[in-house]
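Report on the following structure.
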Amino acid sequence: MALDSVKLPKNKADLARVIDEHADREESRLGYRRIMWLLAWHYLCGARRFDVFDPGTGALSPHYLDEEGNMEFQSQEMLSAIDRVSARLSSLDMRPKVIRKGISLNSVKERSVAQIVMDHVIPNEQLDRVKTQFAHIFTSLGSCGIAGHITNAPTIGLTADLEVIHPRELFPFPSLGADYTKARGIMRQRTVPLSFLEEMFNKKLKGSLKKMEWWEQNIGEIEEASVGSGSESNTGADSKYWSDTSQGSVNPNHKTKSALVKIRELWTYGVGDTVTRYVVSSGETILHDQEFEDMEVYCPIGFSRFIENGTFHGAGLFDLLFSLSREMEKLLKSLFNNVRDTDRYGVLVMPQGQFNDRAMLRDVGNGLRVLPFEPDPVVETFRPFNINPHNSGDIPGKTAAFAKDLLDKMNPVQDLIREKGRVDSAVGLSFLDEQINKAMTNPSRGVEQAFSDCYRSVLAGSIRTLMDNEISITLHD
């Protein structure tokens, strides 16, 4: 990390204004990416018609039926491709492994102690669940974050609560242009209950709500940011209050409602990826401000990109395959409609008098229609023939097969066995597996980097907690 880190103002009012303006600026810059993430979620859930797509306002109107009220044809090729890639990433061994820096006895001892601590605070059951969620979001949307929170629970003792962070909550700091290497910090914007903040900072905040960004929402309702504006969902949010807006009769102590606060957390980087300052704000209020000039503190969030495209959030498999997948669906739908039209509207031409003339162009049997025809008397024989409806025939199927071939080539995990035929040699199977792993090198290293950054912060926080408190940990074989 470069030494030219950003210096934030000391004044709380100026600091809150800088953070608030930066978050608004990043939300505006990420309008297209955020609506594409929402489009990916609805598309993978089965929606195929979007009559409103406005990145400027974030409005997206998904529909599961076509304009005539019929179910849209769905080809789940992209969902299958995302599942294959995410399954390969989630199968990686992401358990923490501490590597010593030297060969001295002291470094061996420090590595052993650190490994014991990490084995205790990172349970395998939680890690298996978290890495599956991380792999899906990381693969489909292009980036994802993982955070570890040190907690001394009264039941299970010292543990690291791992949390998967959606990319819509993470922004670079400062704002970046075409050079995403200039990031000197990371910001997280999220919505939390008011009770969580009071417990986190050990102070009452109801008196400060006037200058905070907060609202009330029915307990258990979907957060508005997760469904987007214009979506067919009722979020249950009543009203928003912040700054000098009058609160009226709204009471944050309602039993059926929860007071939610939008907070923004900012970590600024120093030398060696250490954190120099950590700030938490909401609206015009600074909830927490701490500097770490003399402490070795790391950001608890590990962040990585699936495909590097020169931006902070990168690109995912949905960005790579969506256009081809949607066009292939339309072609397959056209192909199946052509086959259905042939069965339903095909006409069989037969000689005059060989069939009841009253059945002319009427359904006979399952979709068969008969047209009487008086053949030329010069012709000795006459064979019945079909008149097919005018359509593109099997051309959409051939084009769809071409699109499917392109999808398979762009997929990082390809079925090389199917392309090369049967392979009985162990050397051949090893070679094919190596070729598959080459395409997954960058995503695999990205996952490794994200979890490594998270584990580094967890280890540092665990050691500080153990030094300040008498806590026993379990030794594993």
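Because only heavy atoms are used, hydrogens play no part in the values below, and waters and symmetry mates are left out as well, while side chains stay in.
With hydrogens and angles ignored, the 3.5 Å screen pairs no side-chain donor or acceptor of K262 with any backbone N or O of W215. No donor-acceptor pair under 3.5 Å is formed between the side chain of T139 and the backbone N or O of H136. Side-chain atoms of S91 come within 3.5 Å of backbone N or O of R88 as a donor-acceptor pair. S80 contributes no side-chain N or O that, together with a main-chain N or O of Q76, makes up a donor-acceptor pair within less than 3.5 Å. Side chain of H120 to main chain of L158: a donor-acceptor pair is present (N/O by atom type, distance under 3.5 Å, no hydrogens or angles). The closest donor-acceptor contact from the side chain of R326 to the backbone of R48 lies under 3.5 Å. With hydrogens and angles ignored, the 3.5 Å screen pairs a side-chain donor or acceptor of S304 with a backbone N or O of G446.
Ionic pairing of D14 and R17 is present here: one or more N-O contacts between side-chain nitrogen and carboxylate oxygen are shorter than 4.0 angstrom. At a threshold of 4.0 Å, the pair D289-R277 counts as salt-bridged, since one of the basic side-chain nitrogens sits closer than that to a carboxylate oxygen. Ionic pairing of R445 and E448 is not present here: no N-O contact between side-chain nitrogen and carboxylate oxygen is shorter than 4.0 angstrom. The existence of a salt bridge linking R49 and E72 is excluded, since no basic side-chain nitrogen approaches an acidic carboxylate oxygen closer than 4.0 Å. The pair R188-E163 meets the salt-bridge criterion, with a side-chain N (NZ, NE, NH1 or NH2) lying under 4.0 Å from an Asp/Glu carboxylate O.
For the pair A59 and I35, the tightest heavy-atom approach, listed with the atom from each and the gap, is O-CD1, 3.4 Å. Of all heavy-atom pairs spanning C144 and I137, the tightest one is SG-CG2, 3.9 Å. When all heavy atoms of R464 and E296 are compared, the pair lying nearest together is NH1-O, 3.5 Å. Annotation for T274 and Y298: closest pair CG2-CE2, 3.8 Å, computed over non-hydrogen atoms. When all heavy atoms of Y64 and C45 are compared, the pair lying nearest together is CE2-O, 3.6 Å. Shortest non-hydrogen contact noted between S282 and V261 is OG-CG1, 3.3 Å.
Interatomic distance, I19 CD1 to D24 CG, rounded to the nearest 0.5 Å: 12.0 Å. Taking CG of L60 as the start and CZ of R34 as the end, the distance is 13.5 Å to the nearest 0.5 Å. Rounding to the nearest 0.5 Å places OG of S140 at 11.0 Å from CG of D83. If you take CZ on R184 and OG1 on T181, they are separated by 7.0 Å, rounding to the nearest 0.5 Å. Distance CD/E293 to OG1/T276: 6.0 Å, rounded to 0.5 Å. Distance CG/N152 to OG/S462: 10.5 Å, rounded to 0.5 Å.
By the 6.0 Å contact criterion, CZ on F53 is enclosed, its count of non-hydrogen atoms from other residues, nucleotides or ligands being greater than 12.
When side chains are defined from C-beta on, V458 does not count as touching V117, because their heavy atoms never get closer than 4.5 Å. Looking at heavy atoms from C-beta onward, M187 lies out of side-chain contact with E26 at the 4.5 angstrom threshold. Side-chain contact between L324 and M328 is absent, with no heavy-atom pair separated by less than 4.5 Å. Contact check for R129 versus L162: no side-chain heavy atoms found under the 4.5 Å cut-off. Q126 is not listed as a side-chain neighbour of I122, based on a closest heavy-atom distance of 4.5 Å or more. Side-chain contact between P9 and V18: present, with at least one pair of heavy atoms (C-beta onward) separated by less than 4.5 Å. At a threshold of 4.5 Å between non-hydrogen side-chain atoms, the residues L92 and L89 count as touching. In this structure the side chain of F303 never reaches within 4.5 angstrom of the side chain of D453, judged on heavy atoms.
Checked against a 6.0 Å centroid threshold, the rings of H22 and F173 count as neighbours. Residues F50 and Y43 place their aromatic rings such that the two centres sit no closer than 6.0 Å.
Side-chain atoms of E27 and Q189 include a donor-acceptor pair closer than 3.5 Å.
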Under the criterion side-chain contact (heavy atoms from CB on, under 4.5 Å), I'd like the reasoning laid out for E213 against R264: C-alpha separation, chi angles, the key distance, then a yes or no. CA-CA 10 Å; E213 190 172 357; R264 299 178 176 98; 3.7 Å; yes
Side chain to side chain donor-acceptor pair (under 3.5 Å) for R25 and S175? Distances and angles first, verdict last. CA-CA 8 Å; R25 181 169 55 249; S175 297; 3.0 Å; yes
Step by step, would you call R168 with L141 a side-chain contact (heavy atoms from CB on, under 4.5 Å)? CA-CA 10 Å; R168 68 167 178 266; L141 304 186; over 6 Å; no
Applying side-chain contact (heavy atoms from CB on, under 4.5 Å) to E216 and S258, what does each step give before you reach the verdict? CA-CA 6 Å; E216 281 193 335; S258 175; over 6 Å; no
Apply side-chain contact (heavy atoms from CB on, under 4.5 Å) to D20 and E284, showing your working. CA-CA 8 Å; D20 189 60; E284 301 174 1; over 6 Å; no
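The aromatic rings of W267 and Y278 lie parallel to each other, their planes meeting at an angle below 30°, with 60° marking the opposite boundary.
Just one residue in the list L209, T191, L205, L197 forms a side chain to side chain contact (heavy atoms under 4.5 Å, CB included) with W214, and that residue is L209.
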Cut-off 3.5 Å, no hydrogens considered: what does the side-chain donor-acceptor table look like for residues 312-322, sequence neighbours left out?
{"unit_1": "H313", "atom_1": "NE2", "unit_2": "P167", "atom_2": "O", "d": "3.3"}
{"unit_1": "H313", "atom_1": "NE2", "unit_2": "L170", "atom_2": "O", "d": "2.9"}
{"unit_1": "D319", "atom_1": "OD1", "unit_2": "R33", "atom_2": "NH1", "d": "3.0"}
{"unit_1": "D319", "atom_1": "OD2", "unit_2": "G316", "atom_2": "N", "d": "3.0"}

